[in-house]
Protein chains: 2
Amino acid sequence: MPRSHRRVLTHPDLVELDLLDLLHALADPTRMTIVRTLRSDVERPCGTFPVDVAPSTLTHHFRVLREAGVIRQRDEGNRRWTTLRLDDLNARFPGLLDSVLETYERQLAGT
Amino acid sequence: MPRSHRRVLTHPDLVELDLLDLLHALADPTRMTIVRTLRSDVERPCGTFPVDVAPSTLTHHFRVLREAGVIRQRDEGNRRWTTLRLDDLNARFPGLLDSVLETYERQLAGT
DNA sequence: CAGCTTATACGACGTACGTCGTACTTCGGA
DNA sequence: TCCGAAGTACGACGTACGTCGTATAAGCTG
């Protein structure tokens, strides 16, 4: 009985993913940091992301990403582990996430 | 003296373009329709876009796109002509716009 | 000049967003 | 068993967004 006080973790199905929802989800620096971090480390607990917001704010951003189909989360013990839905995203939006992330890395590098 | 009662048309410089602003600008169906239309027809007056919003709403969306660097506008007589800043976008975000638009077309096609 | 067209400016409205603090639940370790 | 850690739920707050109606200005055309 995992965390009954929390909402059930619902993840949208592959065919439900919407491009405009994805763009909106990615158009935020905190969420972009989450996604970038997940591209380096495959799976992470919520509290280990290098972001500077309150825990409740972080929860909000995870929900946005989850409902847009960007991440998948699972509970294990006291931790909630998060992964990128890379395969699903590449199936639904081929090459798009890589294109966005590469562009963002280049922008952060100041080019 | 073109339209002195209107704000001067300011377009961000190439190096000022921000990816997150771009993503936000594209994360709206009306604005996406504008961009798609501009990819087919090179240049268009404001009133000729196949969107179903009030004129003042359309003005708002043009401003968002212009300030994000997606479009360029110029006044000629009574008309304001709009073009995609394709070269600038491809220079700053190589391949990204095409990737987004292709994905969106595929989604609209129902695939 | 008068009237129509094109498009914006401005203000209003309801909603969504990003943020936080607080309370709470669950799990794990001392 | 108790307490801290992890993370969420909920409500609040200020701001931004998408929308519109109305008023306005400039250009075109008769």
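- For the pair B/Thr57 and D/dC20, the criterion of a side-chain N or O lying under 4.0 Å from OP1 or OP2 is met.
- In the set D/dG18, D/dG7, D/dC20, D/dC20 carries the atom at the smallest distance from any side-chain atom of B/Ala54.
- B/Arg66 and B/Gln73 share a side-chain donor-acceptor pair at under 3.5 Å.
- Looking at B/Arg92 and B/Asp18, no side-chain N of the basic residue comes within less than 4.0 Å of a carboxylate O on the acidic one, giving no salt bridge.
- You'll find that the side chain of A/His24 is closest to C/dC17, out of C/dC17, C/dT8, D/dC20.
- Atom CZ in A/Arg63 sits roughly 11 Å away from atom P in C/dG18 (whole-Å rounding).
- Regarding A/Leu9, its CG atom lies at a distance of 8 Å from the P atom of D/dA9, rounded to whole Å.
- Atom NE2 of B/His60 is separated from atom P of C/dA12 by 18 Å (rounded to the nearest Å).
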| said: B/Asp75 vs B/Trp81, test: side-chain contact (heavy atoms from CB on, under 4.5 Å). Steps then yes/no. | reply: CA-CA 6 Å; B/Asp75 290 329; B/Trp81 294 83; over 6 Å; no
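- One atom, CH2 of B/Trp81, and another, P of D/dG27, lie 17 Å apart when rounded to the nearest Å.
- The phosphate of D/dG18 has OP1 or OP2 within less than 4.0 Å of a side-chain N or O from B/Arg31.
- To the nearest 0.5 angstrom, B/His11 atom NE2 is 6.0 Å from B/Arg72 atom CZ.
- Distances shown here put every side-chain N or O of B/His61 at or beyond 4.0 Å from the OP1 or OP2 atom of D/dC17.
- If you take CD1 of B/Ile71 and P of C/dA7, they are 12 Å apart, rounded to a whole angstrom.
- Residue B/Arg80 places no side-chain N or O under 4.0 Å from the OP1 or OP2 atom of C/dT6.
- How far CG of B/Leu65 is from CG of B/Leu26: 7.5 Å, rounded to the nearest 0.5 Å.
- For A/Thr59 against D/dG7, a side-chain-to-base donor-acceptor contact under 3.5 Å is absent.
- Comparing C/dA7, C/dG18, C/dC10 by their closest approach to the side chain of B/Ser56 singles out C/dC10.
- Atoms CG (A/Asp75) and P (D/dA9) sit 10 Å apart, rounded to a whole Å.
- One interatomic measurement links the two molecules: CG of A/Asn78 to C1' of C/dC24, which rounds to 13 Å at whole-angstrom precision.
- When rounded to the nearest whole Å, the span between CG of B/Asp52 and P of D/dT19 equals 10 Å.
- Residue A/Cys46 is the one, among A/Cys46 and B/Asp28, whose nearest nucleotide of DNA chain D lies closer to the 5' end (criterion: closest heavy atom).
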